[in-house]
Amino acid sequence: MKVTTTLSSAAALSLVAGLALPLAPAAAADAAADSDIRISEIAYTLATDFIEVAADPGTDISGWTFGSVTRGGSVQAQENTVTVPEDTTVGDSGAVAIDVPITNSVKAGSAADGEYGSSAFVIDDDGELVDFQQIGGVVDGKGVTGTKNTFTPAPVIGQEAEPTGATAAGGQSIQLTGEVWKSAAPTPNALPDGNDNGDDGDDGDDDGETPQGVTPIADIQGTGDASPIQGKTVTTRGVVTAAYPEGGLNGYYIQTPGTGGADRADGAASDGIFVYTPDTVADISIDDHVEVTGTVSEHYGQTQISVSASGLKTVDEPAEAVKPVEDAFPAGDEKRESLEGMLLQPSESLTVADNYNTNTYGEVVLATGEGTLDQPTDVHRPGTPEAKALEAENLDREVVLDDGATVNFLKADKDIPLPYLSKEDPVRVGAQANFTSPVVLGFDHEKWRFQPTTRLTGDNAEAVQPTTFTDTRTETPEAVGGQVSLASFNVLNYFTTTGDQLSGCQYYDDREGNHITVRGGCDARGAANAESLKRQETKIVTAINKLDASVVSLMEIENSAAFGKDRDDALATLVKRLNEAAGTEKWDFVDSPAAVPSDEDVIRTALIYQPAEVAPQDESTILDDQDAFSNAREPLSQAFAPKDGTGEIEKDKTFVTISNHFKSKGSGSGPGNEDSGDGQGASNADRVKQAESLVGFAGDQQEAANSDLVYLLGDFNSYTQEDPMQVFYEAGYKDIAAEKTDESTYVFGSRTGSLDHVLALDASDEADGAGADATAFDSVTGADAWNINSVESLALEYSRFNYNVSDLFAPDQFRASDHDPVVVGLFDSSDEGGDDDAGADAAENADADGSSDHPGGKNAGKNGGKNGNHWGSRDGDHPGGKNAGKNGRHNGW
């Protein structure tokens, strides 16, 4: 044992009296009442362990016992207590440190109440407990209780330590400064800066130093994920960098004058903080220099000071301007924590990863690094270390571009134009976001957030919006070549039987109370009335006519038989609208077969085609497998033959198309259909069963048409690497879009992937990519996932018409549905015998795609789509979802 003898020279009695120390536990308070002696610093670093007490200079502490207990409350070993030698007194500094080993075991943060860390105690020479302080824990919460064992001194047993709420950063100690504990470089035998009132009567700030009684913002923030002084009342100063008198945030951010800029030390404590103050937020302006006094807390993970009407004071002294931190937004919570509450100017462009909540909460999810956030099961097998690693990377790359408000636009403020969204400047998944003005880094509900410096709306966008977005729209799909083309298109519950034609329907209404879409109560699922249906039809018709494929597989179209009509009634109406818009009899539909399943859903699959380009061969067929498809839409098969330039039918190129719509991921019952958490959602076993049944059905259709050119199209509700897709790969099918594009068709929960696929049979042992024996995959000339739906904001859908004062509806193809169409070209038109280079091209594509997980290649998903129709409701106020509330702001499934 040794007593540290390096003592500082400082005021003594006046210093200790000015500490305004918190009350000790009862026993300690009684013993120390006359001298106001308290533990003032605890160090437990690898280099040094000590316990320091603050007392009047000259105080004799000879024979006192200094020691520490473990988180269990007992002294671990004899060496964890020290008896102070004779003639040891407190020096002029008003502090003395005693070396004593301390167990490095602490608990901190809001979850640590009642979770104990090591605790330091001091007992005087009369055997009275002077002080008992716990490292970490929760201020004013439950502390460790001294526990009897061989080495625990009797005065400690049964006494409860006082949690400091503070833990030390690497190489630092925890120190009592004013009324709060905080982490700082060790200062044995010298009370921490800020405790010295001085004896010169100077209460000012002549040298630019922090005034006495003012705690720097960095000390409030600390270097951990929570403030080391939660629950304490502090006074601090800063320049107002952002203010939110409207929109629900009810406060402003302040930052230490002169801080920020390009040369800021990496990993330093943040110099910015949020001030929650409904009483004063209207009294300040950006760039004001203010002093605030209030209580420190963590609100949904963000450090803040709560300030009452009397807690704000304007500082007359000029303040050096705050400088935005100009750099790439860092990865990792630790580095981001060091910027919490500070003004930033992100130097790199970020990628839009999601815009689902833009029309609800004014949020745009961005991704750092390259590209969007890939759905893990789209690129890796579910449950594998690779899939888990990708999701961890996704979480680290996410940051939310917010609007400086907590408003749910579907419930309130419907007459205020939505932020970020407009007809002229789309915000699309996959677009680049470039920052044109600074933002403040906040944290709320588990997400880092870029906040504009004041509330953003569509009205003030020119002055306030901090970003611009690249426009990635295309008017038509990429050219896919070929003599004919195939496509899949989900028409998003296209029902010509509108809600007002039925009884019992309930509706989603616009802001004026007009019915827009059916909510429930009847079998209709689409438009509420003819006016709403016309808006839906306009978008679908525009998109399909611009898609311009020879054969189009449709999903989610009304099964009119459910309403006592001809099964094809809605299908016929859609084709009529397509032809009216085209100005010619461009389209026809595949008639339902004579034999249909006895128990069908109210939505179905269908096929439409262009008679000038292809001719149906024989009758269509529906797979009637009630065991496999009792909870899904039955596949529809039709063989087609292309027509040459003279209109002659080329039967030697007859190909089979099968339209599909598997069970969704949002619910399931029975063995294997529970959501196992591996990313495949519910009903995975049923989708596997459906895939197996479809493979058998496709084989029958292949034989019936006497053609190996078999194509499976539609919404399989399965991402590219999931179990149902493996059934197809093992049966000899290839995923054309995954093999030949970098694009995807769907976004859910900010993750991009493909639920929609066109699969081509590639199982011929004789096929070498040449001549008439080429496989269905060899016959493909090109492919594109046309990103017109999934990447666009939900606010553009017909179903959100007049939900907000912003008029975002346009009679175009954008957001005609929630899934993107996939289009595929077939047969090299310059070669009557097939594509001699198709096999080589296919091999080159397969080798170049970078995928090693399955024969279906890759799908890195640069753009994708979303809506709640397939993964469960996500917004309880309108079709497609659930609102989890901002001030409860989570993306719900």
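Since the model is a prediction, treat every value here as computed from it, not as a measurement.
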Next item on the list: Could you please spell out the steps behind the side chain to side chain contact (heavy atoms under 4.5 Å, CB included) verdict for Trp448 and Asp333?
Entry: CA-CA 9 Å; Trp448 291 102; Asp333 286 340; 3.0 Å; yes
Next item on the list: Please confirm whether the backbone N or O of Gln133 pairs with a side-chain atom of Glu162, one donor and one acceptor, at under 3.5 Å?
Entry: no
Checklist line | Thr236 and Ile305: CA distance, side-chain angles, deciding distance, side chain to side chain contact (heavy atoms under 4.5 Å, CB included) verdict | finding: CA-CA 10 Å; Thr236 193; Ile305 305 173; 3.7 Å; yes
Checklist line | N/O donor-acceptor pair under 3.5 Å between Thr81 side chain and Gly67 backbone | finding: no
Notebook entry, point to check: Does atom CD of Glu246 have more than 12 heavy-atom neighbours, drawn from other residues, nucleotides or ligands, at distances under 6.0 Å?
Noted result: no
Item checked: Backbone N/O of Glu291 and side chain of Thr293: donor-acceptor pair under 3.5 Å -> no
Margin query: With no hydrogens and no angle check, just 3.5 Å: does a side-chain donor-acceptor pair link Glu340 and Gln221?
Written below: yes
Next item on the list: Looking only at non-hydrogen atoms, find the nearest pair between Gly127 and Pro155 and report the distance.
Entry: O-CG, 3.1 Å
Next item on the list: Output yes when a side-chain donor or acceptor of Ser285 lies under 3.5 Å from a complementary backbone atom of Asp288, and no otherwise.
Entry: no
Notebook entry, point to check: Judged by atom type as modelled, is there a donor-acceptor pair below 3.5 Å linking the side chain of Glu160 to the main-chain atoms of Gly143?
Noted result: yes
Checklist line | Between NE2 on residue His299 and CZ on residue Phe274, distance to nearest 0.5 Å | finding: 8.0 Å
Notebook entry, point to check: Is the backbone N or O of Ala331 less than 3.5 Å from a side-chain atom of Asp396, with the two atoms forming a donor-acceptor pair by type?
Noted result: no
Next item on the list: Evaluate the criterion side chain to side chain contact (heavy atoms under 4.5 Å, CB included) for residue pair Ile51 and Ile39; output intermediate values, then yes/no.
Entry: CA-CA 7 Å; Ile51 299 170; Ile39 295 174; 4.1 Å; yes
Next item on the list: Over all heavy atoms of both residues, which pair between Lys182 and Asp219 is shortest? Give the atoms and the distance, please.
Entry: NZ-OD2, 2.9 Å
Check: So, Glu52 versus Ser40: side-chain donor-acceptor pair below 3.5 Å or not?
Finding: yes
Check: Within the side chain of Asn149, is there an N or O that forms a donor-acceptor pair under 3.5 Å with the backbone of Val75?
Finding: yes
Item checked: Between Gln175 and Ser173, a side-chain donor and acceptor under 3.5 Å -> yes
Next item on the list: Rounded to the nearest 0.5 Å, what's the gap from CD1 on Ile61 to CG on Asp124? Could you check?
Entry: 11.0 Å
Item checked: Residues that Phe450 engages under ring pair (Phe, Tyr, Trp, His ring centres under 6.0 Å), provided they are two or more places apart -> Phe329, Phe435
Check: Which heavy atom in Ala319 sits nearest to a heavy atom in Val239, and how many Å separate them?
Finding: CB-CG2, 3.7 Å
Margin query: For the backbone of Ala97 and the side chain of Asn189, can you confirm whether one donor and one acceptor N or O come within less than 3.5 Å of each other?
Written below: yes
Next item on the list: Determine yes or no for a side-chain-to-main-chain donor-acceptor pair under 3.5 angstrom, with Gln255 supplying the side chain and Leu343 the backbone.
Entry: yes
Check: If you look only at pairs with a residue in residues 268-278, which of them pass as a side chain to side chain donor-acceptor pair (under 3.5 Å), with sequence neighbours excluded?
Finding: Thr277-Thr280
Note to self: Please check this pair: side chain of Ser227 against backbone of Thr303, looking for a donor-acceptor N/O pair closer than 3.5 Å.
What the structure shows: no
Note to self: For a quick test of reading the model, state the closest non-hydrogen atom pair linking Leu312 to Ile284 and the distance between them.
What the structure shows: CD2-CG2, 3.6 Å
Margin query: My understanding is that only residues two or more places apart in sequence, or in another chain, count here; which of them pass salt bridge (charged side-chain N to carboxylate O under 4.0 Å, His left out) with Glu320?
Written below: Lys323
Check: Can you tell which of Ile254, Thr215, Val214 makes a side chain to side chain contact (heavy atoms under 4.5 Å, CB included) with Arg237?
Finding: Val214
